[in-house]
Amino acid sequence: MRRKEGQMIELAEQFAREFLASDPSGHDWWHVHRVRNLALEIADREHADAYICELAALLHDVADVKLNTSKQEGLDRVRDWLERVGEDPAVISPVMEIIANMSYNGGHNAPMTTIEGQVVQDADRLDAIGAIGIARTFAFAGSRGHLIHEPGEHRSNTKTAIAHFHEKLLKLQELMNTGYAKELAANRHQFMEAFLQQFHAEWSEHREEDRTDDS
């Protein structure tokens, strides 16, 4: 990595740490740190530009609409920072394109057009599944005042932690862009399925106890 790139990465780390330090929703600095490491690992396998991937991974949640008043405010925050620290416009453009288009958005966003975008999107999605993904799901639900589970929720508009698995997380394995990310996602997906099976088994046991107590 060239000297200027190394300096920019250090600045981006500091910027992301400061902005995300107190986030309780699973979009904290350590999420960004994991996404950065995954992005670099995938970039190496897929021969992507490691600097673009790392910079976009570090900054992606600074722009997240969940942590800003609007998507545009978040994007402006990142672009303004990149321009203020003197990043090359030729770098700013692909980084901003990745950040602007990497969110799940109900599965409606257009596919990433660059390998770097695919890499960073895969890294972010990998951190949304598996054991850490489960932990982040419940952290986010709690931060928003959502329930853990509600029987019959598939027939209502209730937002719960368990509903989120079916609305998004169980779909991510098939939405990975790169072959290496698909390999990494397989084990994490299986872990989530096993967790949900155990969760519903325990939930059903308690419902049986409730019916026994009522009788």
Side-chain angles (χ1 to χ4, degrees), residues 8-36 38-39 52-89 91-114 116-129 132-133 135-148 153 156-165 167-169 171-172 175:
M8 291 300 299
I9 291 298
E10 290 179 3
L11 290 171
E13 286 180 357
Q14 181 181 357
F15 181 49
R17 277 180 181 270
E18 291 174 355
F19 186 77
L20 302 168
S22 60
D23 176 77
S25 73
H27 297 82
D28 55 318
W29 159 252
W30 293 109
H31 160 65
V32 167
H33 179 67
R34 291 189 302 271
V35 171
R36 181 258 295 273
L38 282 165
I52 296 293
C53 291
E54 186 172 11
L55 193 57
L58 285 168
L59 298 174
H60 79 281
D61 266 352
V62 176
D64 195 304
V65 67
K66 294 184 287 295
L67 307 180
N68 293 275
T69 59
S70 68
K71 179 177 180 179
Q72 191 59 52
E73 179 191 68
L75 293 173
D76 289 344
R77 185 189 307 278
V78 173
R79 181 180 290 278
D80 291 348
W81 180 84
L82 286 167
E83 292 175 348
R84 188 166 64 251
V85 297
E87 183 55 273
D88 189 331
V91 171
I92 293 176
S93 179
V95 167
M96 292 307 304
E97 181 180 356
I98 292 170
I99 293 173
N101 294 290
M102 67 180 290
S103 67
Y104 179 66
N105 193 29
H108 301 306
N109 276 357
M112 285 289 189
T113 59
T114 66
E116 289 75 26
Q118 292 172 7
V119 164
V120 180
Q121 188 176 62
D122 282 353
D124 189 42
R125 288 175 172 178
L126 282 167
D127 203 58
I129 61 178
I132 288 176
R136 292 183 63 221
T137 297
F138 288 101
F140 183 80
S143 74
R144 297 302 191 267
H146 297 166
L147 298 175
I148 292 175
E153 63 191 357
S156 72
N157 294 320
T158 302
K159 294 292 185 182
T160 70
I162 294 299
H164 188 62
F165 286 89
E167 293 168 354
K168 175 182 176 181
L169 305 186
K171 300 176 182 179
L172 293 182
L175 294 176

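Remember, it's a predicted structure, so these values are computed and weren't measured experimentally.
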E18 and Q14: side chain donor to acceptor below 3.5 Å: yes
When every non-hydrogen atom of S143 is compared with those of S25, the smallest separation belongs to OG-CB, 3.4 Å
Closest non-hydrogen contact found for N68 with E73 is CB-OE1, 3.2 Å
For R136 and D127, the nearest pair of non-hydrogen atoms, with its separation, is NH1-O, 3.1 Å
Hits for side-chain hydrogen bond (donor to acceptor under 3.5 Å, both in side chains) against D88, two or more places apart or cross-chain, chain-then-number order -> none
Nearest heavy-atom contact between V120 and C53 is CG2-O, 3.5 Å
Value for NZ (K159) from NE2 (H164), rounded to nearest 0.5 Å, stands at 9.0 Å
Could E13 and R17 be called an ion pair, given the rule that one side-chain N must be under 4.0 Å from one carboxylate O?
-> no
In this structure, CG of L67 is separated from NE2 of H27 (nearest 0.5 Å) by 6.5 Å
d(I129 CD1, L169 CG) to nearest 0.5 Å is 8.0 Å
Value for OG1 (T137) from CD1 (I148), rounded to nearest 0.5 Å, stands at 12.0 Å
Sorted by chain and number, sequence neighbours left out, side chain to side chain contact (heavy atoms under 4.5 Å, CB included) with A123 holds for V35, L38, A39, I42
Short side-chain donor-acceptor distance under 3.5 Å, E97 and N101: no
CH2 of W30 to CZ of R36, rounded to nearest 0.5 Å, is 9.5 Å
Minimal heavy-atom distance between M96 and L75, with the atoms involved, is CE-O, 3.4 Å
Exactly one of I92, V95, L11 clears side chain to side chain contact (heavy atoms under 4.5 Å, CB included) with E87, and that residue is I92
So CD1 of I162 and NE2 of H146: to nearest 0.5 Å the spacing works out to 14.0 Å
Looking only at heavy atoms, the pair that brings V62 and F19 closest together is O-CE2, 3.6 Å
Original post:
Heavy-atom distance under 4.5 Å between the side chains of L59 and L82, does that happen here?
Top reply: yes
So ring-ring contact (aromatic ring centres under 6.0 Å, His included) across residues 52-81, not counting sequence neighbours, yields F15-W81, H31-H60
